[in-house]
Number of protein chains: 2
Amino acid sequence: MDAICKCKYIDKKELERTVAEQPDAETIERLSTFFSVFGDGTRLKILYYLSRHELCVADLASLVKMGQSAVSHQLRNLRLNRLVKVRKEGTTSYYSLDDEHVQSIFEVALAHINEVKR
Amino acid sequence: MDAICKCKYIDKKELERTVAEQPDAETIERLSTFFSVFGDGTRLKILYYLSRHELCVADLASLVKMGQSAVSHQLRNLRLNRLVKVRKEGTTSYYSLDDEHVQSIFEVALAHINEVKR
DNA sequence: TCCTTATATGAATATCTGTTCATATATTAA
DNA sequence: TTAATATATGAACAGATATTCATATAAGGA
């Protein structure tokens, strides 16, 4: 702790506690990655549809009005971040949500943007 | 509704409801923007510190170990997204949180990454 | 076996985003 | 008024990211 606290209104002891308790680098890294996944309209739409139904790639593509390839890439992203899971049947891949937090995340975020109301 | 539902396992009626109830373009836009703000380590750190103290720019810069300019740019971003607010006193700007959802957001996200545990 | 269908993926490209650098603005002190 | 300090901001640059295109893989049917 060095150049900190040049300003007034700060209880130095409390600030030291804040620094001591700060999330470690890995936590920050994983948090920002997690939020980045939600920071894209295409992925949000996919997550919304999957929160209602298990769906195959072609149907998702038609629902979000994007090419099959684009959707496939995004599903891969969501899969790697453990937000969706796949079930294969023949050549068809059925995707569904793999995280019970997605719903809560949506709710809090909607609460935010509805209160700010532009 | 056209090329949808080529796959089985889908109740067409329910799918129509899902489409009818889907969030509009503006909501998707605002949601993804909202999440994008959290999708960056520097901003997450800033939000963490501000969740504990009102702080000036110089102290924030020293805490997150970044240049004053970088922090200033990020604070501007956070300000435009209504997550922080400023209070000026002389030449000093004191920032603090401007959103009661930030805490809840953190909690849900932490719950997620702790359960997935790498 | 050959063809069709569903999905996955590497490469290329265009766009977006974060940081730095230089500088502007504004307040206070000398 | 001049200097020093705190912050803000435009421009430039580098790195990240989303989409498209072409193609690979793989299963099922003819």
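Note that these values count all heavy atoms, side chains included, but never hydrogens, waters or copies made by symmetry. Reminder, nothing fancy here: chain letters follow the sequence lines and each chain counts from 1. Computed from a predicted structure; not experimentally measured.
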Checklist line | Heavy-atom side-chain contact between B:Ser32 and B:Phe35 under 4.5 Å | finding: no
Margin query: When you measure from the side chain of B:Ser72 to the backbone of B:Ser69, do you find a donor-acceptor pair of N or O atoms at a distance under 3.5 Å?
Written below: no
Notebook entry, point to check: Within less than 4.0 Å of OP1 or OP2 of D:dA6, is there a side-chain N or O belonging to B:Tyr95?
Noted result: no
Checklist line | Sugar-phosphate or base contact per nucleotide [nucleotides 13-30 of chain D; S, B, -; heavy atom under 4.0 Å] | finding: -----SSBBB----B---
Checklist line | Spacing between B:Leu44 atom CG and C:dG18 atom C1', to the nearest angstrom | finding: 14 Å
Next item on the list: Compute whether any side-chain donor of one residue and acceptor of the other, for B:Asp24 and B:Thr27, lie under 3.5 angstrom apart.
Entry: yes
Notebook entry, point to check: Tell me: CZ of B:Arg87 to P of D:dA6, nearest whole Å?
Noted result: 16 Å
Next item on the list: Could you tell me the separation between the CG atom of A:Leu55 and the C1' atom of C:dA6, rounded to a whole number of Å?
Entry: 15 Å
Item checked: Chi angles and distances behind the side-chain contact (heavy atoms from CB on, under 4.5 Å) call for A:Glu21, B:Arg52 -> CA-CA 11 Å; A:Glu21 292 171 6; B:Arg52 302 291 201 95; 2.7 Å; yes
Notebook entry, point to check: To the nearest Å, how far apart are B:Leu78 CG and C:dT17 C1'?
Noted result: 14 Å
Item checked: Plane angle bin for B:Phe106 and B:Phe38 - parallel if under 30°, tilted between 30 and 60°, otherwise perpendicular -> perpendicular
Note to self: Please report the distance, rounded to the nearest Å, between CG in B:Asn81 and P in C:dG18.
What the structure shows: 11 Å
Next item on the list: Taking only the side-chain heavy atoms of B:Arg79 (C-beta and beyond), determine which of D:dT7, C:dT7, D:dA8 contains the nearest atom.
Entry: D:dA8
Next item on the list: Kindly compute the distance separating CZ (A:Arg87) from OG1 (A:Thr92), expressed to the nearest 0.5 Å.
Entry: 9.5 Å
Notebook entry, point to check: Can you check the B:Arg76 CZ to C:dT25 P distance for me, whole Å?
Noted result: 15 Å
Next item on the list: Enter the distance from A:Asn81:CG to A:Arg30:CZ here, rounded to the nearest 0.5 Å.
Entry: 10.5 Å
Notebook entry, point to check: Over how many whole Å does the gap from B:Lys88 atom NZ to C:dT25 atom C1' extend?
Noted result: 10 Å
Next item on the list: Identify whether any heavy atom of A:Ser72 sits under 4.0 Å from a base atom; if not, whether one sits that close to sugar-phosphate; answer base, sugar-phosphate or nothing.
Entry: base
Check: What is the distance from CG of B:Asp59 to P of D:dT5, rounded to the nearest Å?
Finding: 16 Å
